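The structure under discussion appears below in the form of structure tokens.
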Amino acid sequence: MPEGPSLYLLREEASVFRGKTVRNVVGNAKLDLERMRGRRLKAVRRWGKHLLLEFSDFTLRIHLLMFGSYRIDERKPGPPRLRLEFDNGEISFYTCSARYIEEPLDDLYDWSADVLEDAWNPRAARKKLLAEPSRLVCDALLDQNVFAGVGNIIKNEVLFRIGVHPASVVGQLPSRKLGELIREARQYSFDFLEWKRAYVLKKHWLVHTRRTCVRCEGPIRKLHLGVTNRRSFFCPHCQRLYTAQV
DNA sequence: ATTCATGTTGTGAT
DNA sequence: TATCACAACATGAA
């Protein structure tokens with residue numbers, strides 16, 4: 001479910017409750033849910049993989065983690081982590097992290113780090129990347145402070161698109177390649193978004209979970225790489241390894 | 001049936 | 001004190 005584009009769609013769907021008053025709240029979240037009863041939902045926002053339900057003096061932050069899910073105007077069997085009921089419908093969240101944020105969102109979130117935002121700032125991303133030049137690109141792409149919203153699928157697909165091996169060292173990428181990395185992190189996220197919206201995401205994966213390279217027909221390798229130790233799928237023939245010279 | 005995965009946070013060891 | 005490795009969370013697809 002939950003990379004940035006999926007949260008983008010969730011935000012869109014949940015925005016029907018903007019301006020509505022919470023009539024009832026239930027759930028097993030370890031939060032003072034009563035706090036939201038009778039309160040008006042001021043805005044529905046998103047940053048990276050966070051859904052932000054903003055009230056006048058606090059915000060409910062939902063993170064779907066790996067297995068989280070939600071339903072609008074329908075219910076899964078079993079108790080929700082959290083359900084908000086409004087006059088025009090309801091939204092239920094399952095298996096997610098829910099917490100309150102007390103600070104103004106603009107104080108907490110760097111909107112320019114979100115690859116799906118108008119405020120996205122590729123130059124700031126480049127600067128952050130070059131500040132830690134010894135990192136592997138597979139780790140850097142998952143860094144939410146640099147690429148908020150990018151997840152493991154986007155990571156793998158971006159690296160395939162630009163022909164870069166996931167174990168490449170950030171500081172060893174030619175400047176132009178680094179520019180491609182940054183550009184595709186955003187572009188692929190928008191492609192992901194439209195494919196997800198049309199329920200055709202998986203068939204567009206070129207490398208993630210695949211066994212054969214669509215370009216050279218050679219075998220795809222699968223390794224758990226980097227400090228993040230997440231699955232990296234790559235074609236050793238089509239994706240070049242940029243690494244420190246000995 | 002069992003394994004594993006679109007992710008983050010907290011804890012305890014070093 | 002700071003950093004790091006790993007456990008915990010918990011669902012459903014393959």
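Just so we're on the same page: letters track the sequence lines, and every chain starts at 1. Just so you know, these numbers come straight off a predicted model, no measurement behind them.
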Atom pairs under 3.5 Å: protein N/O with N/O of nucleotides 2-5 of chain B:
from  : atom 1 : to       : atom 2 : distance (Å)
B/dA5 : OP1    : A/Lys222 : NZ     : 3.4
B/dA5 : O5'    : A/Arg231 : NE     : 3.1
B/dA5 : O3'    : A/Arg231 : NH2    : 3.3

If only side-chain N and O atoms count, and only distance matters, is there a donor-acceptor pair under 3.5 Å linking A/Ser56 with A/Arg39? yes
Nearest-angstrom distance, C1' atom, C/dA5 to B/dT6: 23 Å
N/O (side chain, A/Lys49) to phosphate O (OP1/OP2, B/dT8) under 4.0 Å: yes
Say whether, by atom type as modelled, one donor and one acceptor occur between the side chain of A/Glu85 and the main chain of A/Val25 under 3.5 angstrom. no
Residue that, paired with A/Leu159, satisfies side chain to side chain contact (heavy atoms under 4.5 Å, CB included) out of A/Leu181, A/Ile154, A/Val207: A/Leu181
Pairwise distance CG(A/Leu53) to OG(A/Ser15) - rounded to 0.5 angstrom: 11.0 Å
If we take the P atom in both C/dG12 and B/dT9, what is their distance in whole Å? 23 Å
If you round to the nearest 0.5 Å, how far is CG of A/Leu178 from CD of A/Glu180? 10.0 Å
Dot-bracket, 5' to 3', for DNA chain B please: Watson-Crick or G-U pairs under 3.5 Å, [ ] where pairs cross earlier ones, | where the partner sits on another strand, dots elsewhere. .||||.||||||||
Please check the phosphate of B/dT9 (OP1 and OP2 only) for any side-chain N or O of A/Arg61 closer than 4.0 Å. yes
Determine whether a donor-acceptor pair (N or O, by modelled atom type, separation under 3.5 Å) exists between the side chain of A/Lys196 and the backbone of A/Lys202. no
Could you pull out the closest heavy-atom pair between A/Asn156 and A/Phe233, with the gap in Å? OD1-N, 3.2 Å
Quick one: how far along DNA chain C does chain A reach, first to last nucleotide 5' to 3', anything under 4.0 Å to a heavy atom? C/dA10 to C/dA14
